Amino acid sequence: MVLQPRKTKFRKRQRRRTRGVASRGNVLQFGEFGLQALALGAIKVNQIESARKALTHFLKRGGKVWVRILADRPYTSRPAETRMGGGKGDPVGFHAAVKPGHILFEIAGVSRKDAMEGLGLAAFKLPIPTRVVSSR
């Protein structure tokens, strides 16, 4: 299960503009292979979870998987067929704001071939371009 806040101080959050490259979380810390973001983007909780499931299913419970992103920003949406105005919509879920260079997933204890294929399957589930990086 992907980590997300149980409770937040404020229900809604201003979006702000995300710029630059990742200065933290941009090197492998735990595993031998990782999936690195190449663009700015917002990754929703269900996208993180489906990528994690695809990766662990491919590895057949072998190796170790680390999820290095936290979906901590609430996002809102307006109901369908609603006219303009009336303020901001209700919070729907959480997403993680990702900068280029951020490591999204790490794995260890698998061969290079399996790591490339497994992380490739996980990358298909994500809305941003990624690449596989390795420490060896």
Side-chain angles (χ1 to χ4, degrees):
M1 186 64 196
V2 176
L3 292 174
Q4 68 181 30
R6 187 173 297 146
K7 213 165 97 172
T8 56
K9 188 168 183 179
F10 299 104
R11 281 179 66 233
K12 300 175 185 177
R13 181 172 174 170
Q14 291 186 340
R15 189 165 295 171
R16 302 285 183 215
R17 183 173 170 189
T18 310
R19 297 203 287 197
V21 295
S23 57
R24 293 185 295 192
N26 56 355
V27 292
L28 293 174
Q29 293 284 328
F30 309 103
E32 301 160 354
F33 303 96
L35 193 65
Q36 187 176 43
L38 294 178
L40 288 168
I43 305 178
K44 297 178 182 177
V45 170
N46 59 338
Q47 293 168 334
I48 299 169
E49 180 65 11
S50 67
R52 185 196 66 80
K53 274 186 174 177
L55 183 55
T56 52
H57 182 262
F58 175 78
L59 297 176
K60 295 184 176 67
R61 309 285 292 163
K64 176 96 173 99
V65 177
W66 289 270
V67 180
R68 293 278 310 270
I69 47 178
L70 173 68
D72 61 343
R73 292 187 176 189
Y75 66 93
T76 62
S77 100
R78 298 295 307 273
E81 300 177 11
T82 309
R83 292 191 178 189
M84 290 274 113
K88 192 170 181 171
D90 291 327
V92 176
F94 290 90
H95 74 267
V98 174
K99 291 182 175 184
H102 199 285
I103 303 291
L104 309 175
F105 295 94
E106 288 189 33
I107 57 176
V110 295
S111 68
R112 181 179 205 81
K113 181 179 163 287
D114 284 347
M116 296 293 277
E117 199 169 340
L119 290 170
L121 289 172
F124 276 125
K125 306 288 185 181
L126 299 173
I128 58 172
T130 57
R131 71 173 176 188
V132 177
V133 293
S134 71
S135 62
R136 28 176 173 148

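Not measured: the values here are computed from a predicted model.
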Quick one: pull up CD in Gln36 and CZ in Arg68 and give me the separation to the nearest 0.5 Å.
10.5 Å
Within a radius of less than 6.0 Å around NZ of Lys99, do more than 12 heavy atoms belonging to other residues, nucleotides or ligands occur?
yes
For Glu49, does its backbone N or O pair with a side-chain atom of Lys125 as donor and acceptor, under 3.5 Å?
no
What distance do Ile69 atom CD1 and Arg52 atom CZ have between them, rounded to the nearest 0.5 Å?
12.0 Å
Under a 3.5 Å distance rule, please check whether Arg78 uses its side chain to pair with a backbone N or O of Gly87 as donor and acceptor.
yes
Would you compute the distance between atom OG of Ser50 and atom NE2 of His57 and round it to the nearest 0.5 angstrom?
13.5 Å
Drop me the distance from Ile48's CD1 to His95's NE2, to the nearest 0.5 angstrom.
10.0 Å
Roughly how far, to the nearest 0.5 Å, is the CG atom of Asp90 from the CZ atom of Arg11?
5.5 Å
Does a sphere of radius 6.0 Å around NZ in Lys53 hold more than 12 heavy atoms from other residues, nucleotides or ligands, not counting ones at 6.0 Å or beyond?
no
Apply the hydrophobic cluster definition, ILVMFWY joined by side-chain contacts under 4.5 Å directly or through others, and give me every member besides Leu40.
none
Please tell me whether Val67 and Phe33 are part of a single hydrophobic cluster in this structure, the criterion being side-chain heavy atoms less than 4.5 Å apart.
yes
Would Leu35 and Leu55 count as a side chain to side chain contact (heavy atoms under 4.5 Å, CB included) here? Give the steps.
CA-CA 11 Å; Leu35 193 65; Leu55 183 55; over 6 Å; no
Just so I know, are the side chains of Val110 and Glu32 near enough to count as touching, which here means a heavy-atom distance under 4.5 Å?
no
If we ignore hydrogens and angles and just use 3.5 Å, is the side chain of Glu106 paired with the main-chain N or O of Leu28 as donor and acceptor?
no
Any side-chain heavy atom of Lys12 sitting closer than 4.5 Å to one from Pro74?
no
